[in-house]
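Just below is one structure, and these are the notes that go with it.
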Amino acid sequence: MSITGIKGMNDILPGEIETWQFLEQQAREVFGTYGFSEIRTPVPEKTELFCRSIGETTDIVEKEMYSFEDKSDNSITLRPEGTAPVMRAFIQNKLFNLDAVTKLYYMGPMFRYERPQKGRYRQFHQIGVEALGVEDAKIDAQILAMLHRFFEKAGIDSVSLQVNSLGCPDCRPIYRQQLIQYLEARLDVLCEECQRRYTKNPLRVLDCKSAGCKEATQDAPAIIDHLCEHCDDHFAQVQKYLTSLEIPFSVNARMVRGLDYYVRTTFEMVTDKLGSQNAVAAGGRYDGLVESLGGPALPGIGFAIGLERLVLMKGENRIEPAFPQLFIAALGDAAADYAFVLMARLQAKGIRAEMDFQGKSLKAQMRRADKLQAEYVLVLGDDEINSGQAQLKEMASGDQSPVALDCLASQLQEKLG
RNA sequence: GUGGGUGUAGCUCAGUUGGUAGAGCACUGGAUUGUGGCUCCAGUUGUCGAGGGUUCAAGCCCCUUCACUCACCCCA
């Protein structure tokens with residue numbers, strides 16, 4: 001066996017890439033309509049960026065990052081998510097001076113060292129957006145409307161939007177304490193995993209899939225019933241605006257986030273079509289993040305879409321692959337040389353031309369032209385070159401018509417429109 | 001990190017109680033000395049994932065290992 005790729009990192013091959021290109025194109029169109037500009041940041045960043053933003057004690061930072069020392073002994077990490085790098089770029093380039101509101105989107109590979117499974121890979125791709133500078137719930141609703149619109153245009157249904165509020169640094173700790181007390185009283189029925197984590201991350205228990213935990217947390221206090229006035233208001237506004245925009249959603253009071261920076265509004269696009277990975281897109285508000293990374297105290301909200309998961313959902317839509325417009329079938333060495341130059345001339349004029357390089361029989365060349373779905377085939381032998389006239393065959397109908405080699409390009413352009 | 005499943009031709013997969021490996025598709029050539037699809041005929045292709053063991057004999061049984069895959073965990 002020769003050298004293989006790295007576990008959990010996949011090649012995206014022709015035949016599959018067209019779906020990716022389609023989804024990327026839809027994202028650009030939709031996000032552009034809503035006033036978002038693309039930003040591209042480097043794949044590696046200083047490790048510290050992720051420790052400070054995602055949270056030291058999260059699984060991502062504790063055990064999933066691709067980190068290494070470069071030749072100057074700096075600790076470098078391949079980005080495990082897109083928000084922190086965009087915040088870093090936003091602050092470093094002082095984008096907040098250009099406008100009070102900054103709306104950005106990005107797409108590209110992310111890296112997490114996890115055991116691969118369906119919908120989860122070590123290199124995976126996200127399309128994400130970030131809106132900075134707006135506190136008002138209108139932006140929350142607009143972001144969700146945009147996400148909804150993207151799924152519509154991408155032709156992917158069987159997803160549903162769930163929203164929740166995680167509160168803020170004022171109200172969440174109080175709720176957290178209450179939840180721990182509630183769980184403590186029911187420790188014996190929780191699964192092993194939850195018994196271990198209920199103090200470290202009690203909200204996670206609410207999201208546990210085990211039957212015992214679901215049962216035990218049936219009547220657990222919900223975060224949305226314990227929000228401070230400010231957060232409660234904000235969440236009510238978000239729902240009001242979503243309703244007025246006719247965006248379907250449901251409130252899932254048990255939804256949690258694996259990254260520490262999220263506050264208040266959080267949301268997920270979920271599906272039951274992906275095995276155990278049910279989130280196709282997710283995001284939320286991160287109001288303290290910019291400031292904690294050394295920037296101005298600006299609020300922010302964003303989301304990321306998992307592209308591999310989107311592709312797995314097999315939307316029918318794809319970019320049309322470009323078939324050859326002309327296949328030149330040459331007979332003999334002299335004709336092949338002539339055809340080679342002719343093909344290059346046509347290609348220079350923007351005509352997708354193709355020929356055989358392996359000295360195959362006419363029959364085999366025709367077969368290949370058919371397989372490649374060429375629109376026309378030009379049959380070229382010594383006779384045709386001497387007379388300057390050749391037969392141009394339209395493959396779909398099988399009709400042949402004579403054509404002067406001199407004006408082949410213009411005739412083809414006419415036929416092809 | 002933990003558990004389950006699967007590794008046989010380029011692809012999808014058969015392979016009986018252990019007896020020296022097969023089908024379909026694809027590919028190549030021909031039927032049609034210079035014209036594709038449909039049909040028919042013929043042909044090529046394997047370290048049976050790898051290493052070791054049991055046996056007269058292993059694709060099949062045993063051990064080890066690797067890869068892929070699904071799930072736990074976690075998350076997009």
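On a predicted model such as this, the values are computed, not experimentally measured, just so you know. Every chain is numbered from 1, with letters handed out A, B, ... down the list of sequences.
- Following rounding to the nearest Å, A/Phe151 (CZ) and B/A76 (P) show an atom-to-atom distance of 13 Å.
- Across all strands shown, B/C38 forms no Watson-Crick or G-U wobble pair with both distances under 3.5 Å.
- Following rounding to the nearest Å, A/Met395 (CE) and B/G36 (C1') show an atom-to-atom distance of 4 Å.
- Atom name C1', nucleotides B/A9 and B/U28: the rounded distance is 15 Å, in whole Å.
- From A/Thr83, atom OG1 reaches atom OH of A/Tyr261 across 3.5 Å, with rounding to the nearest 0.5 Å.
- Comparing the C1' positions of B/C62 and B/A21 gives a spacing of 23 Å, expressed to the nearest Å.
- Surrounding CD of A/Glu246 are at most 12 heavy atoms belonging to other residues, nucleotides or ligands under 6.0 Å away.
- For A/Arg112 and B/C74, a side-chain-to-base donor-acceptor distance below 3.5 Å is absent, hydrogens and geometry of angles not being considered.
- Using the Watson-Crick or G-U wobble rule with both distances under 3.5 Å, B/C48 pairs with nothing in any strand shown.
- Each of A/Phe36, A/Tyr105, A/Phe303, A/Tyr106 was compared with A/Glu130 under the side-chain contact (heavy atoms from CB on, under 4.5 Å) criterion, and only A/Tyr106 meets it.
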What N/O pairs connect the protein and nucleotides 66-70 of chain B at under 3.5 Å? Give each pair on its own line.
unit_1 : atom_1 : unit_2   : atom_2 : d
B/C68  : OP2    : A/Lys7   : NZ     : 3.2
B/C70  : OP2    : A/Lys118 : N      : 3.0

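- Residues A/Gly398 and A/Asp59 both approach RNA chain B. Their nearest nucleotides, taken by heavy-atom distance, put A/Gly398 toward the 5′ side.
- Taking 4.0 Å as the cut-off between side-chain N and carboxylate O, A/Arg257 and A/Glu268 count as a salt-bridged pair.
- Using Watson-Crick or G-U wobble geometry with both donor-acceptor distances under 3.5 Å, B/U32 finds no partner in any strand shown.
- Between the side chain of A/Gln391 and the base of B/U35, no donor-acceptor pair of N or O atoms lies under 3.5 Å.
- In this structure, A/Phe50 atom CZ and B/A76 atom C1' are separated by 15 Å, rounded to whole Å.
- Contacts of A/Leu259 with the nucleic acid, taken as non-hydrogen atoms under 4.0 Å apart, involve only primed sugar atoms and P, OP1 or OP2.
- In this structure, B/C61 forms a base pair with B/G53, meeting either the Watson-Crick or the G-U wobble geometry with both donor-acceptor distances under 3.5 Å.
- Judged by closest nucleotide on RNA chain B, A/Asp370 is the one of A/Asp370 and A/Ile305 placed further toward the 5' end.
- Within the nucleic acid shown, A/Leu331 comes within 4.0 Å of at least one base atom, counting heavy atoms only.
- Using atom P as the reference point in both B/G30 and B/U17, the two lie 45 Å apart (nearest Å).
- Against RNA chain B, the stretch residues 122-132 of chain A makes heavy-atom approaches under 4.0 Å through A/Phe124, A/Gln126.
- Across all strands, A/Ala369 comes closer than 4.0 Å to no nucleic acid atom at all (heavy-atom distances).
- One can place CG of A/Asn278 at 12 Å from C1' of B/C74, the figure rounded to the nearest angstrom.
- Atom CZ of A/Phe340 sits in a sparse spot, with 12 or fewer heavy atoms from other residues, nucleotides or ligands closer than 6.0 Å.
- At the heavy-atom level, A/Val280 lies under 4.0 Å from the strands shown only through sugar-phosphate atoms.
- Rounded to whole Å, the P atom of B/A14 lies 11 Å from the corresponding atom of B/U6.
- In A/Tyr113, the OH atom is not crowded: 12 or fewer heavy atoms of neighbouring residues, nucleotides or ligands sit closer than 6.0 Å.
- Between A/Arg88 and A/Glu48, no side-chain nitrogen of the basic residue sits less than 4.0 Å from a carboxylate oxygen of the acidic one, so the salt-bridge criterion is not met.
- Using N1 to N3 plus N6-O4 or O6-N4 for Watson-Crick, or N1-O2 and O6-N3 for G-U wobble, each under 3.5 Å, B/G7 pairs with B/C66.
- For A/Arg120 and B/A71, the CZ to P distance is 9 Å, given to the nearest whole Å.
- Heavy-atom neighbours of A/Ile6 CD1 from other residues, nucleotides or ligands within 6.0 Å: at or below the threshold of 12.
- To the nearest whole angstrom, the two C1' atoms, one in B/C73 and one in B/G22, are 43 Å apart.
- The CG-P distance, from A/Leu392 to B/U35, rounds to 17 Å in whole Å.
- For CG of A/Asp333, the number of neighbouring non-hydrogen atoms (other residues, nucleotides, ligands) closer than 6.0 Å is 12 at most.
- Rounded to an integer number of Å, the gap from CD of A/Glu62 to P of B/C73 is 17 Å.
- Residue A/Glu384 places a side-chain atom within donor-acceptor reach of the base of B/G34, judged by atom type and a 3.5 Å distance cut-off alone.
- Comparing B/G52 with B/G59, their P atoms are spaced 14 Å from each other, to the whole Å.
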Give me the distances for all protein-to-nucleotides 29-31 of chain B N/O pairs that come in under 3.5 Å?
unit_1 : atom_1 : unit_2   : atom_2 : d
B/G29  : OP2    : A/Arg367 : NH2    : 3.3

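- Taking the six-membered ring where tryptophan is involved, the planes of A/Phe150 and A/Phe31 are tilted, since the angle between them lies from 30° to 60°.
- Atom-to-atom, CG of A/Asp356 to P of B/G36 comes out at 15 Å; the value is rounded to the nearest Å.
- Straight-line distance between the C1' atoms of B/G24 and B/U45: roughly 15 Å, to the nearest whole Å.
- As rounded to the nearest Å, B/G43 and B/A23 have P atoms that lie 11 Å from one another.
- The nucleotide whose nearest atom lies closest to any side-chain atom of A/Glu64 is, among B/A76, B/C74, B/U35, B/C74.
- Searching all strands for a Watson-Crick or G-U wobble partner of B/C27 with both distances below 3.5 Å returns B/G43.
- Between the side chains of A/Arg254 and A/Thr217, at least one donor N or O lies within less than 3.5 Å of an accepting N or O.
- Each of A/Thr271, A/Leu274, A/Val159, A/Ile156 was compared with A/Leu310 under the side-chain contact (heavy atoms from CB on, under 4.5 Å) criterion, and only A/Ile156 meets it.
- Shown are A/Arg309, A/Glu24, A/Glu308; of these, the side chain to side chain donor-acceptor pair (under 3.5 Å) with A/His125 is made only by A/Glu308.
- Geometrically, A/Arg120 does not engage A/Phe124 in a cation-pi contact, judged by NZ or CZ lying under 6.0 Å from the ring centre and within 45° of the ring axis.
- Between A/His226 and A/Tyr175, the ring planes are tilted. Angles from 30° to 60° get that label.
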